[in-house]
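Quick caveat: nothing in here was measured; it's all calculated off a predicted structure.
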Amino acid sequence: MVNIAARALCLVPFCLAAWLALCAATAAKAENFSACLEGFRGAALGSGVDGATFDKATRGLAPNPDVLAMAEVQPEFKTPIWDYLAGLVDEERVNDGRAMMARWSEVLATAESRFGVDKATITAVWGVESDFGRSFGTRPVVQSLATLACSSNRRASYFRSELFAALKIIQHGDVDPAQFNGSWAGAFGHTQFMPSTFLRTAVDLDGDGRKDLINSVPDALGSTAAYLHKSGWVKGAEWGFEVRLPAHYTGPSGRSRKEPMAAWATRGLTRIDGSPLGQGPNAGLLLPAGANGPAFLVTRNFDAIYSYNAAESYALAISILSDRLRGRHGIVAAWPTNDPGLSRAERKELQTLLMRRGYDLDGKADGVIGTKTRQAILDFQSKSGLRQDGRASVSVLSALRAR
């Protein structure tokens with residue numbers, strides 16, 4: 001074995017050079033970031049942010065590289081829809097949602113009366129966005145937005161405008177800067193509003209003089225109802241419903257291609273139980289996994305939910321969860337896979353079994369499938385002769401249970 005001291009001495013020139021290069025790169029990035037923020041100052045003041053607020057919020061601010069990594073991995077776009085829905089619309093969330101509907105019944109009734117959005121939909125948004133207030137996000141909103149605004153992200157200009165909106169929220173006194181934390185993209189509060197959305201649509205439902213989505217459940221639920229109302233929500237209308245397609249269907253589809261129910265009936269579509277479509281508003285045919293998976297006719301109310309976060313899987317999760325909260329069934333047709341996704345309870349069990357086999361997951365069985373869990377799954381799949389895709393799936397959980 002080479003003497004450790006001798007080996008370290010031999011590597012000093014290389015290590016010193018690497019360290020100096022790293023320091024130089026870090027310093028350059030910090031300098032560029034500071035220059036970027038300073039370059040925003042004039043535009044921020046022109047938009048209505050006062051200089052004192054801008055200077056205090058940005059003084060000493062450093063970029064967060066984790067935010068840039070998160071921007072590349074958005075689950076509603078990267079995850080198979082059956083995995084995405086399995087974790088968002090499970091029995092745990094349904095039961096919690098029903099409990100929250102009972103606990104906040106008066107607030108939900110007020111929001112529904114004022115804005116015309118039903119209590120199940122409002123509650124479903126709350127459940128999907130923050131698990132009923134359990135998961136707001138821990139990243140400082142101003143730092144996240146500044147990082148994205150000063151990056152090469154294709155939406156940098158959008159994040160710059162959101163940064164200015166966040167500074168206005170601080171300036172107005174609606175949020176305590178020490179509590180102003182949220183997602184990697186800058187969404188915050190019980191129902192995860194972006195700052196510009198807050199400025200446009202947030203309401204003071206509890207009447208205390210502040211619009212507070214972090215500490216006030218009434219304000220958050222009322223603001224969500226107000227947002228959906230402004231996004232075109234039609235009072236009393238369904239978001240849509242699951243349908244059965246005729247065999248070998250090759251007709252039109254697409255959320256935005258809306259036609260009368262009679263036109264869809266002529267093509268052979270029925271409700272999922274085989275009954276006629278009946279009357280209703282114009283609807284588009286949503287095929288989130290193609291013609292061999294579940295199919296849905298969706299109305300303008302689905303589009304209103306979609307506007308909250310522009311992903312069809314996201315809007316479908318809220319829509320199906322709202323149905324479950326109303327006491328209806330979930331999706332009936334099977335997804336085109338022989339290896340379905342797992343509920344959060346099943347994901348926690350999977351993580352627990354992986355840790356028992358010696359995998360390092362930081363001692364956490366939280367149901368969140370992060371990098372360490374995916375790496376552990378990949379290794380287990382490799383050793384077990386399973387397909388190596390890193391998915392938290394039924395096949396992996398079944399194999400872990402059997403050992």
Side-chain angles (χ1 to χ4, degrees), residues 80-98 101 117-125 127-128 233-306 311-343 346 394:
I81 189 167
W82 43 87
D83 285 353
Y84 184 76
L85 292 178
L88 283 175
V89 188
D90 56 13
E91 292 305 312
E92 181 181 350
R93 205 176 309 265
V94 171
N95 292 334
D96 286 348
R98 289 171 179 166
M101 287 174 68
V117 182
D118 67 277
K119 60 184 180 181
T121 298
I122 300 170
T123 306
V125 173
V128 168
W233 187 269
V234 179
K235 182 179 180 179
E238 290 187 278
W239 65 265
F241 48 84
E242 190 176 0
V243 295
R244 181 184 299 172
L245 302 178
H248 312 297
Y249 178 80
T250 57
S253 64
R255 174 181 59 85
S256 60
R257 179 170 177 167
K258 292 187 170 50
E259 298 186 33
M261 290 294 171
W264 295 114
T266 299
R267 297 185 179 104
L269 276 70
T270 66
R271 289 182 178 260
I272 192 63
D273 62 2
S275 63
L277 299 180
Q279 301 298 314
N282 287 5
L285 179 60
L286 181 68
L287 303 176
N292 293 324
F296 309 87
L297 283 177
V298 298
T299 71
R300 282 181 58 190
N301 283 355
F302 184 90
D303 295 340
I305 298 170
Y306 175 88
E312 290 178 348
S313 55
Y314 168 90
L316 188 60
I318 288 176
S319 300
I320 299 301
L321 179 57
S322 71
D323 275 355
R324 294 294 313 278
L325 295 178
R326 295 182 187 100
R328 301 174 185 171
H329 58 70
I331 297 173
V332 174
W335 293 106
T337 177
N338 59 3
D339 195 10
L342 303 177
S343 69
E346 290 170 327
V394 167

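- At a threshold of 4.5 Å between non-hydrogen side-chain atoms, the residues P288 and L316 count as touching.
- For the atom pair CZ of F241 and CZ of R328, the computed distance is 11.0 Å after rounding to the nearest 0.5 Å.
- In terms of heavy-atom proximity, A283 sits nearest to W264 at O-NE1, 2.8 Å.
- Within the structure, the salt bridge (charged side-chain N to carboxylate O under 4.0 Å, His left out) test picks out no pair touching residues 276-286 (sequence neighbours left out).
- The OG1 atom of T123 lies 5.0 Å from the CE atom of M101; values are rounded to the nearest 0.5 Å.
- Annotation: salt bridge (charged side-chain N to carboxylate O under 4.0 Å, His left out) contacts involving residues 280-295, sequence neighbours excluded, are absent.
- Counting all heavy atoms, side chain and backbone alike, G341 lies closest to A86 at C-CB, 3.8 Å.
- Contact record, I305 with A315: CG2-CA, 3.7 Å, taken as the closest heavy-atom pair.
- The minimum heavy-atom distance linking S319 with F302 is given by the pair OG-CD1, 3.5 Å.
- Contact annotation: the side chain of V394 approaches that of L342 to within less than 4.5 Å [non-hydrogen atoms, C-beta and beyond].
- Here OG of S253 is found 13.5 Å from CZ of F296. Values are rounded to the nearest 0.5 Å.
- One finds the CG atom of D339 at 10.0 Å from the CH2 atom of W82 (value rounded to the nearest 0.5 Å).
- With no hydrogens or angles considered, a side-chain donor-acceptor pair links S322 and R326 at under 3.5 Å.
- Note that CG of D83 and CG of L88 are 11.0 Å apart. Values are rounded to the nearest 0.5 Å.
- Judged as a side chain to side chain donor-acceptor pair (under 3.5 Å), the pairs with a partner in residues 266-291 (not counting sequence neighbours) are, in order, E259-R267, D273-S275.
- Residue pairs that meet the side chain to side chain donor-acceptor pair (under 3.5 Å) test with at least one member in residues 290-304, sequence neighbours left out, are R255-D303, K258-D303.
- Side chains of T121 and W233 form a contact here, defined as non-hydrogen atoms less than 4.5 Å apart.
- With contacts defined as side-chain heavy-atom distances shorter than 4.5 Å, the pair W335/P340 does not qualify.
- L245 CG to L269 CG: the interatomic distance, rounded to the nearest 0.5 Å, is 5.0 Å.
- In terms of heavy atoms, V243 sits closest to I272 at O-CD1, 3.7 Å.
- Residue pairs meeting the side chain to side chain donor-acceptor pair (under 3.5 Å) criterion with at least one partner in residues 235-245, sequence neighbours excluded, are W239-D323.
- Residues passing the side-chain contact (heavy atoms from CB on, under 4.5 Å) test with D90, sequence neighbours excluded: E92, R93, S343, R344.
- In terms of heavy-atom proximity, S313 sits nearest to L85 at O-CD2, 3.9 Å.
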